[in-house]
Every structure is written in structure tokens, then in C-alpha cells.
Participant: 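Dropping a structure here in C-alpha cells format, bear with me for questions.
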Amino acid sequence: MKKIILVICCMLLGLQAHAKNNRSMKEIYFAGGCFWGVEHFFKQVHGVTETEAGFANGNSKLKNPSYELVSTDRTGYVETVRVKYDPEVADLGLLLDLYFKAIDPTSLNKQGNDRGTRYRTGIYYTDKADLPAIDKRYKEEQKKYNRPLVVEIGPLSNFYAAEEYHQNYLDKHPQGYCHLPQSLFDFAKKARKK
């Protein structure tokens, strides 16, 4: 009898560990100016499991656009970062709070020294259930400003990974250009879900 109970306990512990390892990850896409800094910023966050720099919500006829093409500002694409996260560790509320700390939400097509439609700000979701939380946080942020916010909010219509040299750019080039200050990266490392 003790042997059977021990076997059942081991099986339950194994199932619990398996469920924990296979948690449902979520994704959200943030556009906040140059994607080098935005990608580096979000990868600092405890609970973010993956980031990828790319181009989103552009002309659907242009499949897998190059950086050079997007740089013309004639494609409709925006530099965007795919953020994959564990909602049990870093929830959407935390990520939205951090996002709004990293951008000027009233600046149209400009963040830092970067100008053009490819540098516009935006939050693009893949799960419609995320929209109420996004809308709520957007309205909270709007109360802080006398000018309207210009952050796009909408479903992700398309996303293409940027060329390899853009991925983890600030890890490869620690002194490379970034419109975000080092203090913001340090802040992101310490941020935790409430």
C-alpha cells in the first residue's frame, strides 16, 4: 500500500512539474521607436522568455520586407518587438506599465532622435482578450497628458523578423546607438508583477 501511495505521489509531482514547464506563454508586440532599444529593454524583464526585433502592420503585399525597404517610410511597416512572456511571472499589466515608461506617447512618428512613420508607437495584440487591459492602461496614461496620445492600438496584422544583425543588437554592440537610457534597462531588470 505504501508503495502504491508513493508511486501516485511521484506521478502527481511529475504532472505538476510538467504543467509548470508547459505553461501557456503569451505574446504582445510593442513599437516604441528604434527596435534595438525596445528589444533590449523588454528582454531585461523577469518573466519575458523571448524577444525578437521585426516589422509589423505594414503593406500586406510586401512579404518579409528588408530594413532598407522599411527605412523608406513607404511600406507602412513599423519597427516592432515581439515579446513572449510567462503571464504568471510578468503579466500584461506590468509590460504595459514598462512600455509607457519607455516612450513619449504624445510624440507622433518620433522617439529620441529617430523620425519617420517606421518609428511610430503602437501596441499590437494577438489575443483579443488582451484589449480591455490595453484600453484601460491607455486611458490611465492619457490622464497624465494635456495632449492626445498617439500610440496605435490594434490587432497584429503581420510581423516579419528583422535581419539577424538587428537581433540582440545592443548585446552585440553595447556602445551602439540607443534612444533609451541605461537607467531604464536597470529599472526593467528590477520590475516585478504586483
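Everything numeric in this text was worked out from a predicted model, so none of it was measured. We count residues from 1, following the sequence as given.
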Participant: When hydrophobic residues are tied together by side-chain contacts of less than 4.5 Å, even through go-betweens, does Leu131 share a cluster with Phe159?
Facilitator: no
Participant: Run the salt bridge (charged side-chain N to carboxylate O under 4.0 Å, His left out) test against Lys144 and tell me which residues pass, sequence neighbours left out.
Facilitator: Glu141
Participant: Under the rule for side chain to side chain donor-acceptor pair (under 3.5 Å), what residues qualify as partners of Glu79, not counting sequence neighbours?
Facilitator: none
Participant: What pair of heavy atoms forms the shortest contact from Val38 to Leu180, and how long is it?
Facilitator: N-CD1, 4.0 Å
Participant: State yes or no: are the ring centers of Phe55 and Phe35 separated by less than 6.0 Å?
Facilitator: yes
Participant: Is the distance between the ring centroids of Tyr29 and Tyr125 under 6.0 Å?
Facilitator: no
Participant: With a 6.0 Å cut-off on ring centres, are Phe185 and His40 close enough?
Facilitator: yes
Participant: Return the OH to CG distance between Tyr124 and Asp130, rounded to the nearest 0.5 Å.
Facilitator: 15.5 Å
Participant: Quick test of your reading of the model: are Glu52 and Lys84 salt-bridged, counting only N-O distances below 4.0 Å?
Facilitator: no
Participant: Over all heavy atoms of both residues, which pair between Tyr145 and Pro105 is shortest? Give the atoms and the distance, please.
Facilitator: OH-CD, 3.5 Å
Participant: Does this structure show an ion pair linking Lys26 with Asp91, if we count only N-O contacts that are shorter than 4.0 Å?
Facilitator: no
Participant: Answer yes when Asp97 and Lys194 have at least one side-chain N-carboxylate O distance shorter than 4.0 Å, and no when they do not.
Facilitator: yes
